[in-house]
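Okay, so here's the structure we're looking at.
By convention in this document, chain letters (A, B, ...) are assigned in the order of the sequence lines, proteins followed by strands, and residues within each chain are numbered from 1.
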Amino acid sequence: MPELPEVEVTRRGLAPDLVGCRLTGTVVRNPALRFPVTPALDSLVGQDLLGLGRRGKYLLFEFDAGSLIVHLGMSGSLRLLSAATPAEKHDHVDLVFGERVVRLRDPRRFGAVLWQPGRAEDHPLLAGLGPEPLSEVLDGPWLYQATRNRSAPIKQVLMDARTLVGVGNIYASESLFRAGIDPRTSARCLGRVRCARLAQAVRDTLEAALVAGGSTLRDFIRSDGSSGYFQLQHFVYGREGEPCRVCGAPIRCLRQGNRSSFYCSRCQR
DNA sequence: CTCGCCACCTGGGGGC
DNA sequence: TGCCCCCAGGTGGCGA
């Protein structure tokens, strides 16, 4: 489900209403997410939320003693609701802030809710992550250097969080289309020019998706319950057989690492 | 190291 | 209708 734009849209939707508020309760209806939900969420009750951060696709609820790390997996969403709203199926975890509640819904239960004392970046899941794609770091020279000893297809290297965080299956396909690069190209075969084009394409794609509120295909909804609409602007993702928006050739689909990759064989070489 | 593949889990859609 | 198989936005962990 959520890639960087969807997670960031969620963060921006929640932060203005929650930062500075006191956590007054927690509810764990089903702790069996990808990892067991951190026991004793209760110990956070009474603490003030100092900030709501993000690292890659992880949301960081920052308290004085550490951070509650939340990952939305494939099908997770966080909504801000009245605390009186009845929970429904797949509503696994609540963070209650007085009259309001942040509710995690995650049908597939690939998400995670983990407590990390101290600095969130010290958590083992976050420690090995690559740089943020919307930071100053991502540019042509950096991408060129980062791909030199990577023989895997560029699509899979883009989706590897140790290379770069935040780019998942949708935005990898979309970024490669915008850069005019075939997703099967070995990463190390990209020259400086194509690396520069791809770095810019990743930034442009993620920023355009952010502006559109992310992509809503199945499960993703914003914290206020509304949908993102970037899916209406997808050039290739989910468009197999439909005409390329640039050249009209039919969009093709192939499997890479057991994931679908969509591309235009005329625009991408 | 890196790569390629499997696993986790539920639900929706298509084909028969 | 019902059943079965495939597919889905992520990513840790395994063996090669």
Can you see if the side chain of [X] gets near the phosphate of [N] - specifically, an N or O under 4.0 Å from OP1 or OP2?
{"X": "A:R255", "N": "C:dC7", "value": "no"}
{"X": "A:H71", "N": "C:dG10", "value": "no"}
{"X": "A:S75", "N": "C:dA8", "value": "no"}
{"X": "A:S151", "N": "B:dC3", "value": "yes"}
{"X": "A:K89", "N": "B:dT10", "value": "no"}
{"X": "A:H90", "N": "B:dC9", "value": "no"}

Margin query: Can you classify the ring geometry of A:Y58 versus A:H71 as parallel (below 30°), tilted (30 to 60°) or perpendicular (above 60°)?
Written below: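 Rings of A:Y58 and A:H71: perpendicular, as their planes differ by over 60°.
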Between [Y] and [X], does any NZ, NE, NH1 or NH2 come within less than 4.0 Å of an OD or OE carboxylate oxygen?
{"X": "A:R109", "Y": "A:D106", "answer": "no"}
{"X": "A:D160", "Y": "A:R162", "answer": "yes"}
{"X": "A:E240", "Y": "A:R252", "answer": "no"}
{"X": "A:E132", "Y": "A:R54", "answer": "yes"}

Next item on the list: Determine, stepwise, if the pair A:R105 / A:E88 fulfils salt bridge (charged side-chain N to carboxylate O under 4.0 Å, His left out).
Entry: CA-CA 9 Å; A:R105 175 173 298 181; A:E88 297 176 26; 3.5 Å; yes
Notebook entry, point to check: Of all residues at least two apart in sequence or in a different chain, which pass the ring pair (Phe, Tyr, Trp, His ring centres under 6.0 Å) check with A:Y171?
Noted result: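 Only A:F230 meet the ring pair (Phe, Tyr, Trp, His ring centres under 6.0 Å) criterion with A:Y171.
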Next item on the list: Find out whether the Lys NZ or Arg CZ of A:R192 is both under 6.0 angstrom from the six-membered ring centre of A:Y144 and within 45° of the ring's axis.
Entry: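 Yes, A:R192 lies over the aromatic ring of A:Y144.
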Notebook entry, point to check: Can any side-chain N or O of A:S67 pair as donor or acceptor with the backbone N or O of A:E62 at less than 3.5 Å?
Noted result: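 A pair under 3.5 Å: no.
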Next item on the list: May I ask you to decide if A:L138's main-chain N or O and A:R203's side chain share a donor-acceptor pair within less than 3.5 Å?
Entry: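 Yes; judged by distance alone, with no hydrogens or angles, the pair exists.
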Can you tell me how far [atom2] of [N] sits from [atom1] of [X], to the nearest Å?
{"X": "A:E6", "N": "C:dG10", "atom1": "CD", "atom2": "C1'", "value": "12 Å"}
{"X": "A:H92", "N": "B:dC9", "atom1": "NE2", "atom2": "P", "value": "12 Å"}
{"X": "A:L217", "N": "C:dG10", "atom1": "CG", "atom2": "P", "value": "11 Å"}
{"X": "A:I170", "N": "C:dG10", "atom1": "CD1", "atom2": "P", "value": "7 Å"}
{"X": "A:K57", "N": "C:dG10", "atom1": "NZ", "atom2": "P", "value": "4 Å"}
{"X": "A:I69", "N": "C:dT11", "atom1": "CD1", "atom2": "C1'", "value": "15 Å"}

Check: If you look at every strand shown and take non-hydrogen atoms under 4.0 Å, does A:G257 touch a base, only sugar-phosphate, or nothing?
Finding: nothing
Item checked: Sorted by number, the residues of residues 178-188 of chain A with heavy-atom contact under 4.0 Å to DNA chain B ->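 None - not one residue of the stretch has a heavy atom sitting under 4.0 Å from the strand.
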Checklist line | Nucleotide-level pairing of DNA chain B, given in dot-bracket where Watson-Crick and G-U pairs need both distances under 3.5 Å and | marks other strands | finding: .|||||||.|||||||
Check: Does A:F110 stack onto the base of C:dT11, taking stacking as ring centres under 5.5 Å apart and planes under 30° apart?
Finding: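 So no, this residue does not stack on that base, at least one cut-off failing.
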Item checked: All side chain to side chain donor-acceptor pair (under 3.5 Å) counterparts of A:R29, not counting sequence neighbours ->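 In terms of side chain to side chain donor-acceptor pair (under 3.5 Å), with neighbours along the sequence ignored, A:R29 is linked to A:D94.
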Notebook entry, point to check: Partners of A:S261 by side chain to side chain donor-acceptor pair (under 3.5 Å), sequence neighbours excluded?
Noted result: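 Only A:K155, A:Q256 meet the side chain to side chain donor-acceptor pair (under 3.5 Å) criterion with A:S261.
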Note to self: Taking donor-acceptor contacts at under 3.5 Å, does the side chain of A:R108 reach the base of B:dC9?
What the structure shows: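 Indeed, a donor on one side and an acceptor on the other fall under 3.5 Å apart.
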Please write out the pairs of protein N or O atoms and N or O atoms of nucleotides 12-16 of chain C separated by less than 3.5 Å, giving the distance to one decimal.
| from | atom 1 | to | atom 2 | distance (Å) |
| --- | --- | --- | --- | --- |
| C:dG12 | OP1 | A:Y58 | OH | 3.1 |
| C:dG12 | O4' | A:R34 | NH2 | 2.9 |

Item checked: P-based separation of C:dC3 from B:dC9 [nearest Å] -> 23 Å
